[in-house]
Amino acid sequence: MSISIQPVENYLDSLNHAQQQAVTATEGPVLVVAGPGSGKTRVLTYRIAHLIEKGVAPWNIMALTFTNKAAKEMQARIEKVVGPRANRVWAGTFHSIFARILRVEAQHIGYPSNFTIYDTEDTKSVIGTIINEMNLNKEQYNVNAIRSRISSCKSNLISPKLYQERAEFTQEDRQAKRPFVGQIYEKYTARCKRSGAMDFDDLLFRLYELLQNHPEVVEKYQQRFTYLLVDEFQDTNHLQYAIVRKFVSYDGSPRNICVVGDDAQSIYSFRGATIQNILDFEKDFKAHGIQTFKLEQNYRSTEHIVQAANQVISHNKRQIQKTIFSDKGEGQKIKVIKAMTDSEEGKRVADMILEQKNRHHLANKDIAVLYRTNAQSRVFEEYLRHYNIPYRVFGGMSFYQRKEVKDLIAYLRLAVNPHDEEALRRAINYPRRGIGNTTLDKISAAAAQADVTMWDVLTTVPTGARASGALHDFKSMIAQFGEKAKNDDAYEAAMSIARQSTLIDLLKQDTTVEGIQHLDNVTGLLDGIKSFVEDDVLDGGRETADSGWPTRPGEVEDREYPASHDKSLAAYLQNIALVTDLDQTDTTDDFVTLMSVHAAKGLEFKSIFVAGLEEQLFPSFMAMDTPEGLDEERRLFYVAITRAEQFLTLSYANSRYRYGQARFNSPSRFLDEISAANLDAETPIRNQAVATIGRPGRESPQNETRCSSGVRGNFKRPGPLQNVMRADPKTFKPNPSEQIQTGMKVLHLRFGEGKVLAIDGARDKRVATIFFQELEDEKQKRIMLKFAKLQIIG
DNA sequence: GAAGTGATGTTTTTT
DNA sequence: ACATCACTTC
């Protein structure tokens, strides 16, 4: 392909007719319907470059994407055409761009500018706490269900107030036997606000409210963003479109808005995305001379693949008419692997990968295995590891979701915003400092009572003497961390917080295999913060670039928006809250990619494997009951096969383990939707394959230790710790607990001989701190005397 | 307070 | 199958 570096003058020459039109129609509303591989990103980037060439200031252009990756790629490609001033274009995800605006305008809506961003975990935890506090039944009030209901409310512009006013909702809830959902929603919203926190949906919803209620603010941004572009428009939800409209719909607006999308690739309706937006867009801007362009030539895939894709998608009724074609030649027919079991599927796919690498000289990074659910990755991992083929799994647990990483981040978050209750709950007794659930409940109740945060009442709530001391210590420690966060750069601050919170010490004490892994992860986090501080490349253009560029109104104003030069802890946290693993791919490494079909959207590979093509799985049993659900599954399949450039292999298994039990499914109906003319006739089921179904581990158990790229620790757990008898049960005679005093030597059935270092608490709440010589790692134990069986031996 | 046990739900996709 | 969570036991 000839994309890379185009001389500035003739970048238009490299485009086909439809693409050129889409690039040069800069004024007024434009809808670009772009099939897979049709050069959509190219059109978007050239369009922006073209605007800049025509004299539009980069900071007057806002380009909204769905993923950070897409935004980065766009920015990089604009830079190739127009140079470093590309950095001043407001290109980013909906969430990140809106967060940036909200930081500046926070005071208008009663938020601090360093507000915390709650991830899904935090959200669920808050909702869980509220359900607890309201004494509601956990089965009826399922946290996940409530969370998604609240989320979809926000996506549809329904505030808590509106929710409780509308009979349709209250009635529906009453029928579902959960009449308090509205109240939970209201409390949740209030609590987030009190904590100075926004969840993902709030980044959109709060911005909408801001633009709605503050004419002077909305005007400022309407004037600022004179050119608006939206990528993957089919995946926007109602709320996102409402915000976009706010920016461009006002009296005298030139309505320079360009949306690019493909209704056939809409795969996010489960989180509120709706193709209705495309239809509405045509309607909403009809009066303003909307221009529509269709990009129908596919430059990615060979003909068999494109034809198969067209056949599949033609089974969907409602769609924008278009004809995708390719002139890249017939290419290879599509192969189908029929396996007996999921394990055999894994083996056959790995075999085929090996064969393709040899026969067609493919690199690992030319190959991807796509599946419907992340849980399917395991069998492929097993066999790829067995064959020593490097691979990487995307999705599943992200780095930032790991417990030890979240633990440290909780402290960092507290340092920046001590009102962040989720961080407080996480950090307050880990490492242990004697602030148990009882104390926590008291604080929580007092905070709710006074309508303030837990931080506000931390040291004013009456508790036991011990807890009270611990709370004072904790509060002053966090306050001290807060000073560091304010004065030091992110790395210095994080480093000393990691040390002084004693989190690092705690991790170092754990010498098990996982323990070392945990410490590695935390070190990795700290390294990440370090490179955040040191990295001035990422957005450096803001400071130094384009000195020859004339100063315009707006340029000075631009400095109002926090950017790369902000190396504070607050800036770092803002950054990572909206980042996923996918965004930090090191493209120099050569590995096979394993990911869900959703995650693969927007990517392309020479060779694609789509696995698990079975009824109930793909299409998913969750979606296949309704026509709309099935259509979306089909679009998902369409996305999957159109990722392939030259080789496409589909696979399925007759039986597969789900929930620990073998299930039998028939081949996916989607397979029947591809004409036999595009399928490889010979699809041999080798007898020999059946004979070697056994797991690789069984054949050569030693092999596991050498796996080069083992990302997920398949290590054995070390079993119950120290479950060895250290004292002879026959001669063991425990003393009554009242007799135990500080300084005594005692014998414990399992822990052996120990010395009582201290005792705290009174009567039946006495807790002894005992030093056990014979224990390996954690020699000091705190033992509740009421239950402990200890024999005094001196 | 800590550790071990049994019950339960989870698995569709993600900013 | 696996992880999380309420519950029991020391």
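Below, each value reflects all heavy atoms present in this structure, side chains not excepted, and no hydrogens, waters or symmetry copies. Within every chain, numbering begins at 1; the chains are lettered A, B, ... in the order of the sequence lines, protein sequences first and strands thereafter.
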Are OP1 or OP2 of B:dT13 and a side-chain N or O of A:N374 less than 4.0 angstrom apart?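 Yes.
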Counting just side-chain N and O atoms, does A:S596 come under 4.0 Å of either OP1 or OP2 of B:dT14?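 For B:dT14, OP1/OP2 do have a side-chain N/O of A:S596 under 4.0 Å.
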Would [X] and [Y] count as having a side-chain donor-acceptor pair, cut-off 3.5 Å?
| X | Y | answer |
| --- | --- | --- |
| A:Q616 | A:N665 | no |
| A:E344 | A:T341 | no |
| A:N316 | A:Y638 | no |

[X] [atom1] - [N] [atom2] separation (whole Å):
| X | N | atom1 | atom2 | value |
| --- | --- | --- | --- | --- |
| A:K403 | C:dA3 | NZ | P | 15 Å |
| A:D122 | B:dT15 | CG | P | 16 Å |
| A:Q401 | B:dT15 | CD | C1' | 12 Å |
| A:I267 | B:dT13 | CD1 | P | 12 Å |
| A:E633 | B:dT12 | CD | C1' | 7 Å |
| A:E121 | B:dT14 | CD | P | 15 Å |
| A:E232 | B:dT14 | CD | C1' | 13 Å |
| A:Y430 | B:dG1 | OH | P | 17 Å |

Aromatic ring pairing A:Y241/A:F233, orientation class (parallel under 30°, perpendicular over 60°, tilted between):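 Judged by the thresholds at 30° and 60°, the geometry between A:Y241 and A:F233 is perpendicular.
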Between B:dT12, C:dC2, B:dT14, which nucleotide gets closest to the side-chain atoms of A:M622?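 Of the options given, the side chain of A:M622 lies nearest B:dT12.
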Nearest-neighbour nucleotide for the A:R432 side chain, B:dT15, B:dA2, B:dT11 considered: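 The listed nucleotide nearest to A:R432's side chain is B:dA2.
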With a non-hydrogen cut-off below 4.0 angstrom, is [X] in contact with a base, only sugar-phosphate, or nothing?
| X | answer |
| --- | --- |
| A:F618 | nothing |
| A:F94 | nothing |
| A:T120 | base |

Restricting to ring-ring contact (aromatic ring centres under 6.0 Å, His included), what partner residues turn up for A:F380, sequence neighbours left out?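 Once residues adjacent in sequence are excluded, A:F380 has no partner under the ring-ring contact (aromatic ring centres under 6.0 Å, His included) criterion.
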Determine the interatomic distance between C1' on C:dC5 and the same-named atom on B:dT12; round to the nearest Å.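 Approximately 24 Å lies between the C1' atom of C:dC5 and that of B:dT12.
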Side chain to side chain contact (heavy atoms under 4.5 Å, CB included) against [X], all qualifying residues, sequence neighbours excluded:
| X | answer |
| --- | --- |
| A:E73 | A:T41, A:R77 |
| A:Y430 | A:K403, A:D407, A:L503, A:L506 |
| A:A197 | A:T116, A:Y118, A:S195 |

Pairwise N/O distances under 3.5 Å, protein to nucleotides 4-8 of chain C:
none

Taking N or O atoms only and anything under 3.5 Å, show me the protein contacts with nucleotides 5-10 of chain B, one pair per line.
from: B:dT10; atom 1: OP1; to: A:N142; atom 2: ND2; distance (Å): 3.4

Specify the closest pair of heavy atoms between A:F205 and A:L157, including all atoms of both residues, with the distance to one decimal.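 It is CE1-CA, 3.8 Å.
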Upstream residue (5' side of DNA chain B) when A:F621 and A:H95 are each assigned their closest nucleotide: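 The residue closer to the strand's 5' end, by nearest nucleotide, is A:F621.
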Backbone of A:N237 reached by a side-chain donor or acceptor of A:N277 within 3.5 Å: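 Side chain of A:N277 to backbone of A:N237, a donor-acceptor pair under 3.5 Å: yes, one is there.
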